[in-house]
Amino acid sequence: FDRRPIVPVLGNHEYQETQPLLYLAQFALPRNGPKTLPPERAYSFEYSNAKFIILDSNLDAAKQTAWLEKQLAKTKAMWKFVSYHHPAYSSGGNRDNVEVRNLWTPIFDKYHVDLALQGHDHAYLRTYPMNAQKRVATVKDGTIYTIAVSGTKHYEQAAHDYTEVGFTKVSTYQVLDIQINGNRLVYRAHDVDGKVRDEFVIEK
């Protein structure tokens with residue numbers, strides 16, 4: 001932790017009653033988020049040719065949409081990543097977050113977000129590329145949504161027509177290797193023994 005930047009995202013367990021007190025005490029985060037939210041709940045930054053947007057799905061999604069669109073509209077970054085906790089496309093049954101899906105995913109579609117990194121459901125999921133809430137043929141046409149769990153608590157997984165890869169009872173960590181030479185992103189999900197459990201490539 002003293003040698004690697006950390007990009008935290010607020011989940012439901014970071015909130016003690018109505019405030020993420022320990023989270024805010026632990027991190028010093030950019031204060032460039034929506035003026036409609038308290039500072040450090042949502043923020044964005046660019047690193048090299050990638051744009052990262054962090055949202056707080058514990059709070060009103062509508063209060064973040066204008067800011068989200070502005071961040072994507074003004075960036076010239078080749079790669080666009082958005083991360084938030086409560087999934088637009090869940091791995092479990094009846095756990096979709098309809099407000100997130102209806103308000104944020106059309107903006108992801110409009111500006112072609114490459115990856116939406118989600119949490120909350122304790123079972124691994126990778127969707128097909130999605131656009132307008134439907135499966136599309138290639139990553140050039142849509143956004144891939146992932147859910148991962150690194151802990152030991154696992155949930156059951158439901159069947160969904162948007163699931164390309166899904167499994168449960170496996171803890172994973174993900175590595176995104178953005179290769180500037182060739183404009184290529186290699187995504188791999190590893191289990192605790194280092195075995196690759198899922199992988200894909202996006203080329204631009």
Peer 1: Distance-only check: which donor-acceptor pairs under 3.5 Å involve side-chain atoms of residues 165-177, not counting sequence neighbours?
Peer 2:
from, atom 1, to, atom 2, distance (Å)
T168, OG1, Y155, O, 2.5
K169, NZ, E156, OE2, 2.9
S171, OG, G151, O, 2.4
T172, OG1, Q174, OE1, 2.8
D177, OD2, Q179, NE2, 3.1

Peer 1: Enumerate the side-chain hydrogen bond (donor to acceptor under 3.5 Å, both in side chains) contacts for residues 72-83, please, sequence neighbours excluded, ordered by first and then second residue.
Peer 2: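 Every side-chain hydrogen bond (donor to acceptor under 3.5 Å, both in side chains) pair that includes a residue of residues 72-83, provided the two are not neighbours, is E46-T75.
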Peer 1: Could you note down all residue pairs passing ring pair (Phe, Tyr, Trp, His ring centres under 6.0 Å) where residues 95-114 supplies at least one of them, sequence neighbours left out?
Peer 2: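 As it turns out, the ring pair (Phe, Tyr, Trp, His ring centres under 6.0 Å) pairs with a partner in residues 95-114, which skip direct neighbours, are Y84-W104.
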Peer 1: Which residues pass the side-chain hydrogen bond (donor to acceptor under 3.5 Å, both in side chains) test with H85, not counting sequence neighbours?
Peer 2: N12, H120
Peer 1: For the pair D193 (side chain) and K195 (backbone), establish whether a donor and an acceptor sit closer than 3.5 Å, ignoring hydrogens and angles.
Peer 2: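 Between the backbone of K195 and the side chain of D193 there is no qualifying donor-acceptor contact (under 3.5 Å).
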Peer 1: So, using side-chain hydrogen bond (donor to acceptor under 3.5 Å, both in side chains) as the criterion, who are the partners of H86 when residues are at least two apart?
Peer 2: S57
Peer 1: Who else is in V98's hydrophobic cluster (ILVMFWY, side-chain heavy atoms under 4.5 Å, direct or via others)?
Peer 2: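 Joined to V98, directly or through intermediates: none.
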Peer 1: Taking Q157 for its side chain and Y124 for its backbone only, find out whether a donor-acceptor pair lies under 3.5 Å.
Peer 2: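 The answer is yes, because a donor-acceptor pair under 3.5 Å joins these two groups.
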Peer 1: Do D121 and Y89 touch side chain to side chain, with heavy atoms closer than 4.5 Å?
Peer 2: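 A side-chain contact under 4.5 Å is absent here.
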Peer 1: Counting C-beta onward and ignoring hydrogens, is there a side-chain heavy-atom pair between V139 and I144 closer than 4.5 Å?
Peer 2: yes
Peer 1: Could you give the distance from CG (L10) to CG (L37), rounded to the nearest 0.5 Å?
Peer 2: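 L10 CG to L37 CG: 10.0 Å, rounded to 0.5 Å.
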Peer 1: Flag the pair D141 / N131 as yes when at least one side-chain heavy-atom distance between them is below 4.5 Å, and no otherwise.
Peer 2: no
Peer 1: Taking all atoms of both residues into account, what is the closest heavy-atom pair of G92 and H160, and its distance?
Peer 2: O-NE2, 2.8 Å
Peer 1: Hydrophobic side-chain clustering at under 4.5 Å (ILVMFWY, transitive links): who's grouped with V186? Put none if nobody.
Peer 2: V201
Peer 1: Give me the atom names and distance for the closest heavy-atom approach of S91 to A123.
Peer 2: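 Looking at all heavy atoms of both residues, the shortest contact is OG-O, 3.3 Å.
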Peer 1: Would E99 and D60 count as a side-chain contact (heavy atoms from CB on, under 4.5 Å) here? Give the steps.
Peer 2: CA-CA 9 Å; E99 184 183 35; D60 188 350; 3.2 Å; yes
Peer 1: Decide, yes or no, whether a salt bridge links R135 with E164 under the criterion of side-chain N to carboxylate O below 4.0 Å.
Peer 2: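 No, no charged N to carboxylate O under 4.0 Å.
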Peer 1: Report the C-alpha separation of V113 and Y145 in whole Å, then their side-chain angles, then the decisive distance to 0.1 Å, and conclude whether the side-chain contact (heavy atoms from CB on, under 4.5 Å) test is met.
Peer 2: CA-CA 10 Å; V113 168; Y145 296 77; over 6 Å; no
Peer 1: Are V7 and Y43 side-chain neighbours, meaning at least one heavy-atom pair lies under 4.5 Å?
Peer 2: yes
Peer 1: Quick one: are L24 and R41 in side-chain contact, heavy atoms under 4.5 Å?
Peer 2: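 Yes, close enough: below the 4.5 Å cut-off.
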Peer 1: I need the I147 CD1 to L125 CG distance, nearest 0.5 Å.
Peer 2: 4.5 Å
Peer 1: How many angstroms lie between NE2 in H13 and CG in L22, if you round to the nearest 0.5 Å?
Peer 2: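 H13 atom NE2 to L22 atom CG measures 14.0 Å (nearest 0.5 Å).
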Peer 1: Apply side-chain hydrogen bond (donor to acceptor under 3.5 Å, both in side chains) to N102 and list each qualifying residue two or more places apart in sequence or on a separate chain.
Peer 2: Q133
Peer 1: Examine L72 and F45 and state if one hydrophobic cluster contains both, with Ile, Leu, Val, Met, Phe, Trp and Tyr joined whenever side-chain heavy atoms are less than 4.5 Å apart.
Peer 2: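 Looking at the clustering, F45 is in a separate group from L72.
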Peer 1: Any idea which heavy atoms bring P38 and L59 closest together, and the distance?
Peer 2: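 Looking at all heavy atoms of both residues, the closest pair is CD-CD1, 4.4 Å.
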Peer 1: With sequence neighbours excluded, give me every side-chain hydrogen bond (donor to acceptor under 3.5 Å, both in side chains) pair touching residues 22-39.
Peer 2: R31-E40
Peer 1: When you look at T143 and T105, which way does the side-chain contact (heavy atoms from CB on, under 4.5 Å) test go after all the steps?
Peer 2: CA-CA 9 Å; T143 299; T105 67; over 6 Å; no
Peer 1: Grab the two heavy atoms, one from P34 and one from A42, that are nearest each other, plus how far apart they are.
Peer 2: CD-CB, 3.7 Å
Peer 1: Verify the cluster assignment for L55 and L115: are they in a single hydrophobic cluster under the rule of side-chain heavy atoms below 4.5 Å apart?
Peer 2: no
Peer 1: Identify, with sequence neighbours excluded, every residue that meets side-chain hydrogen bond (donor to acceptor under 3.5 Å, both in side chains) alongside Y15.
Peer 2: D56
Peer 1: Any side-chain heavy atom of Y162 sitting closer than 4.5 Å to one from S90?
Peer 2: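 Yes, their side chains come closer than 4.5 Å.
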Peer 1: Going by the side chain to side chain donor-acceptor pair (under 3.5 Å) test, name the single residue among T163, D198, T146 that passes it with R126.
Peer 2: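 With R126 as partner, side chain to side chain donor-acceptor pair (under 3.5 Å) holds for just one option, D198.
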Peer 1: Looking only at heavy atoms, which two atoms of P20 and Q16 are closest? And how far apart?
Peer 2: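 In this case the closest contact between P20 and Q16 is C-OE1, 3.8 Å.
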Peer 1: What donor-acceptor contacts under 3.5 angstrom involve side-chain atoms of residues 47-54, with partners at least two apart or in another chain?
Peer 2:
from, atom 1, to, atom 2, distance (Å)
K51, NZ, Q71, OE1, 3.0

Peer 1: Would you please name every residue forming a salt bridge (Lys or Arg N to Asp or Glu O under 4.0 Å) with K204, sequence neighbours left out?
Peer 2: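 Partners of K204 under the salt bridge (Lys or Arg N to Asp or Glu O under 4.0 Å) test: D114.
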Peer 1: Count I, L, V, M, F, W, Y as connected when their side-chain heavy atoms are under 4.5 Å apart, and connections chain through other members. Are V82 and M78 then in the same cluster?
Peer 2: no
Peer 1: Any idea which heavy atoms bring T138 and P129 closest together, and the distance?
Peer 2: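 Closest pair (atom of T138, atom of P129, distance): O-CB, 3.5 Å.
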Peer 1: When hydrophobic residues are tied together by side-chain contacts of less than 4.5 Å, even through go-betweens, does M130 share a cluster with I107?
Peer 2: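 Yes, one cluster joins them.
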